[in-house]
Amino acid sequence: MTNNNHISVTYSDSKFRILVEEYITMQKHDFTFKSLCSYVLYRAMEEEKTANTGLYESNQLSPADCERISIILRKIVKEGRIICSSESIADDTQFAKIKE
């Protein structure tokens with residue numbers, strides 16, 4: 001049996017932004033895109049904000065929700081608050097906070 005049942009969350013764009021900002025603030029060092037997506041999924045499950053019901057076959061955020069997060073990260077990079085290790089965003093893409 002394959003694990004194609006990604007989990008969708010029911011957060012608004014503004015709530016996604018809040019969670020991304022919260023995660024970045026908590027980081028002492030670099031972080032990966034995958035770790036950020038895992039954090040958002042964990043919070044959604046904890047707050048019962050997932051669109052799926054029943055048993056989860058996967059612990060991965062849906063591609064659509066990952067894309068929403070990547071859009072937010074690109075905005076934060078453009079704001080000059082974090083830097084990204086590559087042009088495209090993938091699971092292993094590293095981000096680092098810029099010292100203020």
Side-chain angles (χ1 to χ4, degrees):
M1 184 174 201
T2 59
N3 284 344
N4 292 332
N5 185 21
H6 293 94
I7 302 169
S8 298
V9 300
T10 58
Y11 287 134
S12 65
D13 288 345
S14 61
K15 179 62 174 181
F16 259 108
R17 175 77 186 223
I18 290 167
L19 289 172
V20 168
E21 295 278 359
E22 186 177 275
Y23 183 80
I24 292 169
T25 300
M26 292 186 314
Q27 301 312 301
K28 303 265 187 267
H29 305 286
D30 298 355
F31 61 94
T32 63
F33 181 66
K34 183 176 182 176
S35 66
L36 172 56
C37 289
S38 294
Y39 173 77
V40 170
L41 178 58
Y42 170 78
R43 288 291 304 271
M45 292 173 80
E46 193 176 59
E47 296 174 6
E48 297 181 1
K49 293 290 187 181
T50 56
N52 309 55
T53 58
L55 295 174
Y56 297 113
E57 295 175 18
S58 168
N59 63 347
Q60 294 185 332
L61 199 55
S62 74
D65 288 334
C66 289
E67 179 60 24
R68 290 171 72 193
I69 291 172
S70 73
I71 290 167
I72 293 167
L73 284 171
R74 285 186 188 103
K75 288 178 183 174
I76 296 172
V77 168
K78 281 185 181 178
E79 291 168 6
R81 295 178 35 235
I82 60 173
I83 55 173
C84 180
S85 66
S86 68
E87 287 296 314
S88 62
I89 297 178
D91 281 356
D92 62 348
T93 301
Q94 292 275 327
F95 294 88
K97 291 197 291 188
I98 295 176
K99 303 276 191 258
E100 294 181 3

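It should be emphasised that the depicted structure is a prediction, and the values quoted were computed from it without experimental measurement.
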| query | Are the charged groups of Glu47 and Lys49 less than 4.0 angstrom apart, N to O? | reply | no
| remark: To the nearest 0.5 Å, atom NZ of Lys75 lies from atom CD1 of Ile82 at 13.0 Å
| field | Student check: side-chain heavy atoms of Ile76 and Arg17 closer than 4.5 Å | value | yes
| task | Compare all side-chain heavy atoms of Ile89 with those of Ile69 and state whether any distance is below 4.5 angstrom. | result | no
| said: Please give me the minimum heavy-atom distance between Thr25 and Lys97, naming the atom from each residue. | reply: O-NZ, 3.4 Å
| Where does the angle between the aromatic ring planes of Phe95 and Phe33 fall among parallel (under 30°), tilted (30 to 60°) and perpendicular (over 60°)? | tilted
| request: Give, for atom OG of Ser62 and atom CG of Leu41, the distance between the pair rounded to the nearest 0.5 Å. | output: 9.0 Å
| said: Looking at every non-hydrogen atom in both residues, tell me the closest pair between Thr50 and Thr10 and how far apart they are. | reply: C-CG2, 4.3 Å
| request: Give a yes or no on this: more than 12 heavy atoms of other residues, nucleotides or ligands lie within 6.0 Å of atom NZ of Lys34. | output: no
| When rounded to the nearest 0.5 angstrom, what is the spacing between OG in Ser12 and CD1 in Ile18? | 7.0 Å
| field | Point-to-point distance, once rounded to the nearest 0.5 Å, from CD1 of Ile7 to CE of Met45 | value | 4.5 Å
| query | Should Glu67 and Arg74 count as an ion pair when the cut-off is N to O under 4.0 Å? | reply | yes
| said: I'd like to know if the side chain of Asp65 reaches the main chain of Val9, judged simply by a donor and an acceptor atom lying under 3.5 Å from each other, with no hydrogens or angles considered. | reply: yes
| Distance from Thr93 atom OG1 to Leu36 atom CG, nearest 0.5 Å? | 11.5 Å
| message | Are Arg43 and Tyr11 packed together at the side-chain level, in the sense that at least one heavy-atom pair is separated by less than 4.5 angstrom? | response | yes
| said: Using 0.5 Å steps for rounding, measure from the CD atom of Gln94 to the OG atom of Ser35. | reply: 8.0 Å
| request: Flag the pair Val40 / Phe16 as yes when at least one side-chain heavy-atom distance between them is below 4.5 Å, and no otherwise. | output: yes
| request: Look at atom CD of Glu48 and say whether more than 12 heavy atoms of other residues, nucleotides or ligands are closer to it than 6.0 Å. | output: no
| said: Minimum heavy-atom separation for Ser86 and Ser88, please, with both atom names. | reply: OG-O, 2.6 Å
| With side chains defined as the heavy atoms from C-beta onward, is the minimum distance between Thr32 and Asp91 less than 4.5 Å? | no
